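I have placed the structure first, in the form of structure tokens, so that the comments after it can refer back to it.
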Amino acid sequence: MPIVAATKESISRAAEALARGEIVAFPTETVYGLGANALDASAVAEVFAAKARPRFNPLIVPVLGLEEAESYAAVNETTRKLIRAFWPGPLSLVLPRKPGCMIADLVSAGLDTIALRAPNHPVARALLEAAKLPIAAPSANRSGRISPTTAAHVEAELGNLPAMILDGGPCALGLESTVLGIDGSDVTLLRLGTLPREDIEKVLGCKLTKPKAG
Ligand code: AMP
Ligand code: MG
């Protein structure tokens, strides 16, 4: 049984498993994530394989906050404003990858952008702190299925494919993050999730652009 109660000790074992290239499921305030060392392309490939996720669909990288985001991506004033308003919280930002960013290309599905989010959940944050590595973590479900909001739900989806499933109880929000693409001062709504569009528009002081067709 890969499910273990999230404690300081089990979180530290999960961090060691990630460093060894294993994949680990953990709770966030939105849904459970399936994490891998984002620097290790073969660990990231295991996440895609476990989820049967097409390799053209990039992953989100959870971070502790602005400072870590700036080490992987170009952060402009628009991004900073959104981060100040909504992090930690259910908002993912697709930003230009910084030149020399060491995160595996597979995480970004070969794009020159990277999706970052700071989760507001003590177990997710403790795991990021313990791992001292960037972690790539999409939702812990098989591709095309509903995102899991309990550890048992993750196990029903993925069995013992994850080395560990950290059980932090049910997710408070239970719905994915809202995803925005940022290109200069242009902000595009890529996926509507927990964070309402109106809240974002209030902070930006303008309407969000919809993705271009095709
Ligand atoms: P999941 O982590 O499974 O909730 O899915 C991540 C979501 O973020 C998907 O809708 C991806 O298409 C989107 N996403 C992640 N990275 C990027 C990126 N670089 N460009 C555009 N969308 C992205
Ligand atoms: Mg998902």
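Just so you know, residue 1 is the first one in the sequence shown, and it goes up from there. As the structure is a prediction and not an experimental result, all values here were calculated from the model. These numbers come from the heavy atoms of this one structure, side chains and all, not from hydrogens, waters or symmetry mates.
Residue N120 comes nearest to G89 through the heavy atom pair CB-N, 4.1 Å, listed as atom of the first residue, atom of the second, then distance. Nearest heavy-atom pair, L158 versus A140, reported as atom, atom and distance to 0.1 Å: CD1-O, 3.4 Å. Among all heavy-atom pairs drawn from P148 and C171, the shortest one is O-SG, 4.4 Å. For P58 against R53, the heavy-atom pair with the smallest separation is O-NH2, 2.8 Å. Nearest approach of E22 to A163, heavy atoms of both residues: OE1-CB, 3.2 Å. Scanning both residues, F26 and A137, for their nearest heavy atoms gives CZ-CB, 3.7 Å.
The cluster map of Ile, Leu, Val, Met, Phe, Trp and Tyr, joined by side-chain heavy atoms under 4.5 Å apart, puts I60 and L195 in different clusters. One hydrophobic cluster holds both V4 and I135 under the rule that ILVMFWY side chains link at heavy-atom gaps under 4.5 Å. Connection of V61 to V179 is not established within any shared hydrophobic cluster, with ILVMFWY side chains joined at heavy-atom distances below 4.5 Å, either directly or through further cluster members. L192 and I146 are assigned to two separate hydrophobic clusters, defined by single-linkage of ILVMFWY side chains at heavy-atom distances under 4.5 Å.
K207 has a carboxylate O that lies under 4.0 Å from a charged side-chain N of E201, or vice versa, which qualifies the two as a salt bridge.
Counting only N and O atoms by type, the side chains of T78 and S185 include no donor and acceptor under 3.5 Å apart. With no hydrogens or angles considered, no side-chain donor-acceptor pair links R191 and S92 at under 3.5 Å. Side-chain contact, T113 with R97: no donor N or O sits under 3.5 Å from an acceptor N or O. Side-chain contact annotation: E176 with T30, donor-acceptor N/O pair under 3.5 Å absent.
With K98 contributing its side chain and A74 its backbone, the two residues share no donor-acceptor pair below 3.5 Å. Of the possible donor and acceptor atoms, one in the side chain of K51 sits under 3.5 Å from a partner among the backbone N and O of S139. Formation of a donor-acceptor pair under 3.5 Å by the S177 side chain with backbone atoms of P90 is not found in this model.
A distance of 11.0 Å separates CG of D186 from CG of L180, quoted to the nearest 0.5 Å. To the nearest 0.5 Å, the span separating SG on C206 from CD1 on I200 amounts to 11.0 Å. E70 contributes atom CD, which lies 10.5 Å from atom CG of L95 (distance to the nearest 0.5 angstrom). Of the inter-residue distances, the one linking S143 atom OG with N57 atom CG reads 7.0 Å to the nearest 0.5 angstrom. Put simply, OH on Y32 and OG1 on T149 are 8.5 Å apart, with the number rounded to the nearest 0.5 Å. Note: L93 CG to L91 CG = 4.5 Å, rounded to the nearest 0.5 Å.
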Atom pairs and distances, side-chain donor-acceptor, residues 123-132, under 3.5 Å, sequence neighbours left out:
| unit_1 | atom_1 | unit_2 | atom_2 | d |
| --- | --- | --- | --- | --- |
| R125 | NH1 | L64 | O | 3.3 |
| R125 | NH1 | P119 | O | 3.0 |
| R125 | NH2 | L64 | O | 2.9 |

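Side-chain contact check for L34 versus P162: some heavy-atom pair is nearer than 4.5 Å. The shortest distance between side-chain heavy atoms of V31 and L175 does not fall below 4.5 Å. Using a 4.5 Å cut-off on side-chain heavy atoms (C-beta onward), F86 and D199 make contact. At least one side-chain heavy atom of L66 sits under 4.5 Å from a side-chain heavy atom of V75. Side-chain contact between S10 and L166 is present, with at least one heavy-atom pair separated by less than 4.5 Å. Here the side chains of W87 and V63 are in contact, with some heavy-atom distance below 4.5 Å. Taking the side chain as every heavy atom from C-beta outward, P134 and L39 approach each other to under 4.5 Å. At a threshold of 4.5 Å between non-hydrogen side-chain atoms, the residues M164 and I23 do not count as touching.
The list of salt bridge (Lys or Arg N to Asp or Glu O under 4.0 Å) pairs with a residue in residues 23-34, not counting sequence neighbours, reads E29-R117.
Within 6.0 Å of atom CG in N76, more than 12 heavy atoms from other residues, nucleotides or ligands are found, so the atom counts as buried in its surroundings. Within 6.0 Å of CG in N160 there are 12 or fewer heavy atoms belonging to other residues, nucleotides or ligands. Environment of CZ in R80: crowded, with over 12 heavy atoms of neighbouring residues, nucleotides or ligands closer than 6.0 Å. Surrounding CG of L111 are more than 12 heavy atoms belonging to other residues, nucleotides or ligands, all under 6.0 Å away.
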*Verdict with supporting geometry, I114 and I103, side-chain contact (heavy atoms from CB on, under 4.5 Å)*: CA-CA 9 Å; I114 184 139; I103 289 177; 3.7 Å; yes
Using the side-chain contact (heavy atoms from CB on, under 4.5 Å) rule, take V94 and I182 through it: C-alpha gap first, then chi angles, then the decisive distance, then the call.
-> CA-CA 6 Å; V94 175; I182 302 186; over 6 Å; no
Tell me, with the steps shown, if E9 and R13 meet salt bridge (Lys or Arg N to Asp or Glu O under 4.0 Å). CA-CA 6 Å; E9 189 273 332; R13 278 196 290 121; 2.9 Å; yes
Under the criterion side-chain contact (heavy atoms from CB on, under 4.5 Å), I'd like the reasoning laid out for L208 against T188: C-alpha separation, chi angles, the key distance, then a yes or no. CA-CA 6 Å; L208 283 171; T188 307; over 6 Å; no
Could you give me the CA-CA distance, side-chain angles and deciding distance for N141 and H153, then say whether side-chain contact (heavy atoms from CB on, under 4.5 Å) is met?
-> CA-CA 9 Å; N141 52 282; H153 191 176; over 6 Å; no
